[in-house]
Amino acid sequence: MAGTITILPEQLANKIAAGEVVQRPESVVKELVENSIDAGAASVSIVINEGGKSLIQISDDGLGMNDEDAAIAFGRHATSKIQSYEDLENIRTLGFRGEALASIAAVAHVELKTRRSSDEVGTLVRIEGGDLKEQAKAATQPGTIITVRNLFYNTPARRHFLKSNNTEFKHIYDVVQRVALSRPDIAIRFTSDGEELLDLKSGDIADRLKNLYGERHFETLLPFDEKTEMLSVSGFIGKPDFARKSRVDQYLFLNRRTIVNRSINHAIFSGYEHLIEKGNFPFYLVFLDLDPHKVDVNVHPSKMEVKFADEQSIYRFIMSVVRKTLGSNDIVPSLEVNGTKTFDGSFASLRHAALPRHFSGDFGSNERSSFPSPSSSFSQEHSQQAPSGLDKLFSDIPTVQLPESAGQQQFSHGTREDEAQEGKAIWQLHNKYILSQIRTGLMIVDQHVAHERILYERALASFNNAVPVSQQLLFPHTLELSSGDFALAKELIPHLQAIGFDLKLFGKNTIVLEGVPTEIKSGTEGSILQDILDEFKNNQHRVKLDARDNVAKSFSCKAAIKAGDKLSEVEMRVLIDQLFATSMPYVCPHGRPVVVKISIGELDRRFMRTS
Ligand code: ADP
Ligand code: MG
């Protein structure tokens with residue numbers, strides 16, 4: 001008896017597969033251009049008519065094919081790019097499934113002209129709806145020209161599904177732009193309905209960005225280039241002020257392949273911390289390069305989604321690269337005057353504002369904190385410690401050339417004398433703000449949030465330190481907590497200990513505090529733990545935070561100096577110095593600005609000085 005299962009004829013199978021690979025004209029452009037890139041093309045030309053519905057033609061000067069391959073290329077699963085399962089684990093080309101040409105040919109009129117430079121004569125292949133109509137020798141340039149006409153002519157439902165020419169055009173333009181950004185070394189021409197829209201010479205990524213976006217937009221981008229043993233990350237991120245309401249300008253490439261990955265997207269966004277409001281999207285162009293063995297690109301036919309072997313560390317690395325880039329480019333929430341935002345000033349200027357090195361603390365080291373609490377006196381002994389984190393940080397930072405400004409003569413060189421001299425220009429305003437002269441003008445620091453940022457990063461660092469640093473109390477404090485708080489404290493003990501609380505659970509709802517983090521102000525030991533627990537609960541209701549992060553935030557908020565605390569000059573200097581040794585000096589852990597700068601230029605404008 002005959003069964004009911006039949007094997008689909010190849011043509012029908014191709015037509016079905018085409019549904020996956022070829023969704024619209026843009027997919028044809030993407031697949032064909034990727035083939036050109038895989039063929040090692042140095043230049044690629046893309047010509048479309050009517051949003052690609054009537055014509056898509058891709059020409060390249062790549063390897064080309066011989067007559068045999070030219071015919072086979074349209075077969076299902078025909079590929080020259082992988083031969084074995086092992087190859088699949090180590091993909092270095094954009095294509096590898098061998099589905100694109102077969103799928104496109106199944107739903108359009110396709111003509112292929114191709115020649116290898118070593119062959120005297122090329123090959124022409126014509127296929128309509130998957131049927132081979134013609135194969136012949138043909139005179140043609142080395143490389144490949146593929147012409148796709150009447151897309152979806154034999155699948156009316158799909159054709160019906162297409163949007164207006166203009167919409168399809170925009171999709172194609174996006175694809176071309178993506179490709180252009182992924183491979184600035186390849187020259188690209190793009191023509192639509194007879195009009196040449198792009199003629200991009202080969203060059204580096206900066207050239208390509210300038211060509212596509214214009215010089216002015218390019219000025220708003222910050223470059224980065226970081227490597228670890230495992231991966232390298234390079235590219236550009238936009239200054240926060242230029243973030244847009246839509247995601248359009250976000251590009252992520254893995255080994256030069258366009259990918260979408262929500263986790264990386266999130267990592268980049270988190271790197272901005274609170275510099276970008278919710279609902280706004282920063283520009284980014286990120287090239288991730290890592291060993292192909294560490295990723296699986298074979299997840300989806302569009303090859304847009306990938307899986308990483310170690311997503312977590314990639315997440316952390318990317319976030320820190322974004323932070324460092326913003327930090328080292330001196331991205332400050334600046335004063336808005338008459339609606340104009342200014343971005344002048346640089347890290348270099350703050351470096352000048354930073355204090356004589358021997359005042360700086362030991363941020364990042366495992367030693368006791370050298371930040372003097374307002375009540376304690378600043379000890380010489382501490383002041384001699386080497387500013388380990390600081391020097392490392394400064395050495396990484398490119399010095400930015402600044403326009404001449406009034407304050408410059410006075411502080412033009414980064415010598416110790418200059419710093420000492422400049423260090424004089426520091427005041428406390430209403431026991432709340434620290435004012436300091438910097439090269440570009442005036443810097444205002446909110447002392448509480450500045451200290452919060454410092455303590456927050458210290459707390460985070462201490463989670464990774466094996467030995468917690470705490471200051472033993474002469475008289476242990478006994479705290480009686482509500483049973484809810486007691487349970488919470490019990491749960492948080494490992495984190496609290498890591499940041500320096502030395503505590504023991506004692507009977508019912510009682511805790512004995514034998515040591516506190518060194519940063520805790522004397523006199524507040526008795527109440528600080530309760531304050532932190534309260535803050536922790538507060539944060540918990542507002543946002544979903546990781547418990548450690550929440551402990552760090554609550555601790556920094558409660559232990560930081562407050563508005564109203566009088567600071568000595570030395571204390572102010574140390575505070576500023578340590579602030580700029582953090583990874584993100586300009587925003588506090590809750591997202592408030594820490595630093596506001598007013599440039600001399602701005603002051604001149606306000607005083608109507610025309611000099
Ligand atoms: P894949 O790219 O996954 O290998 P395709 O169906 O896109 O599958 O292409 C099939 C094969 O045709 C490729 O493996 C390659 O050998 C050949 N080919 C396609 N386009 C070109 C081109 N522009 N230049 C040279 N060879 C090409
Ligand atoms: Mg391909």
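Just so it is clear, the structure is predicted and the values come from calculations on it, not from any experiment. Indexing begins at 1, ligand by ligand and atom by atom, following the structure's order.
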Does Phe152 have Arg158 sitting over its ring (NZ/CZ under 6.0 Å from centre, angle to axis within 45°)?
yes
Just wondering, do Lys133 and Ile127 contact through their side chains at under 4.5 Å, heavy atoms?
no
Aromatic rings His495 and Phe463: how do their planes relate, parallel, tilted or perpendicular, breaks at 30° and 60°?
perpendicular
So, regarding Ala100 and ligand 1 (criterion: nitrogen or oxygen to nitrogen or oxygen, under 3.5 Å), is there a contact or not?
yes
Test of understanding: given a 4.0 Å heavy-atom threshold, classify the contact between Thr144 and ligand 1 as side chain, backbone, both, or neither.
side chain
Return all side-chain donor-acceptor pairs below 3.5 angstrom for residues 214-222, not counting sequence neighbours, or 'none' if the list is empty.
unit_1: Thr220; atom_1: OG1; unit_2: His217; atom_2: O; d: 2.7

More than 12 heavy atoms of other residues, nucleotides or ligands under 6.0 Å from CZ of Arg126: yes or no?
yes
Between Arg159 and Tyr153, is NZ or CZ placed under 6.0 angstrom from the six-membered ring centre and within 45° of the ring axis?
no
Would Asp60 count as a polar contact of ligand 1, with the cut-off being nitrogen or oxygen pairs under 3.5 Å?
yes
Atoms of ligand 1 under 4.0 Å from any heavy atom of Ala73, numbered from 1 in the order shown, are 10 (C), 12 (O)
Heavy atoms only: which of Met65, Glu99, Arg116 lies closest to atom 18 (N) of ligand 1?
Met65
Consider every N or O of Asp38 and every N or O of ligand 1, then say whether any pair is closer than 3.5 Å.
no
Quick check: Ala102 and ligand 1, any N/O pair under 3.5 Å apart?
no
